[in-house]
Amino acid sequence: MEISRRDWFVASMALWPEIAAAQVHAQQKLKFEYLGDSDAAEIEALVETILPSDETPGAREAGVIYFIDRALTTFHKDQQRAYRDGLRDFQAKRLALFPES
C-alpha cells in the first residue's frame, strides 16, 4: 500500500503534540505569533512555489505559513535565526538579481 506525503503527514501529527498544535494553528489562520506580516507573505510565496495549488490544494490553502509560524515559537524555536538570516539573504540575492526601479 502506497501512502502519500500528505497522508503520512496527517498520520504523524498524532505522535507529536506540538506538531498537532501547529496544525490547528494552520487551520485556524488567526494571527502570526512569530513572523511579521511582510516576512510571512514572502515565506508563504516561497512555500507556494514548492507546493503549488493545482487540482489539489497547495501550501497556501493548507495554511503552511501558519504551521511554520507556530513551529518557530515551539518545537523549532532553535530555527528562528536560520529563518531570519535565510530570508534576509534571499531578499538581498533577489534585489541583486532584480533591482527595483
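Predicted model only: the values in this text are computed from it and were never measured.
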Undergrad: Where the side chain of E48 meets the backbone of S53, is there a donor-acceptor pair that is under 3.5 Å apart?
TA: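 Present.
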
Undergrad: Could you state the interatomic distance from CD1 (I68) to OG1 (T73), rounded to the nearest 0.5 Å?
TA: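 The distance works out to 12.5 Å.
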
Undergrad: Got a second to check how far D37's CG is from E44's CD, nearest 0.5 Å?
TA: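 Between atom CG of D37 and atom CD of E44 there are 11.0 Å.
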
Undergrad: Would a hydrophobic clustering, with Ile, Leu, Val, Met, Phe, Trp and Tyr connected at side-chain separations under 4.5 Å, put Y66 with L87?
TA: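 Yes: a chain of side-chain contacts under 4.5 Å links Y66 to L87.
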
Undergrad: Between D69 (side chain) and F32 (backbone), is there a donor-acceptor pair under 3.5 Å?
TA: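 Pair absent, no side-chain N/O of D69 close to backbone of F32.
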
Undergrad: Check whether E33 reaches the backbone of R70 with its side chain - one donor and one acceptor, N or O, closer than 3.5 Å.
TA: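 No: the side chain of E33 does not pair with the backbone of R70.
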
Undergrad: Looking at CD of Q80 and CG of L35, how far apart are the two atoms once the value is rounded to the nearest 0.5 Å?
TA: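 So the CD of Q80 and the CG of L35 are separated by 9.0 Å.
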
Undergrad: Any side-chain heavy-atom pair from D39 and Y83 closer than 4.5 angstrom?
TA: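 Answer no - side chains too far apart.
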
Undergrad: Could you tell me whether the side chain of L72 reaches within less than 4.5 Å of the side chain of Q79, counting heavy atoms only?
TA: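 Side chain of Q79 against side chain of L72, heavy atoms only: contact under 4.5 Å found.
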
Undergrad: Give the C-alpha distance, both sets of side-chain angles, the deciding distance and a yes or no for side-chain hydrogen bond (donor to acceptor under 3.5 Å, both in side chains) between Y34 and R84.
TA: CA-CA 11 Å; Y34 175 73; R84 277 193 314 270; 2.7 Å; yes

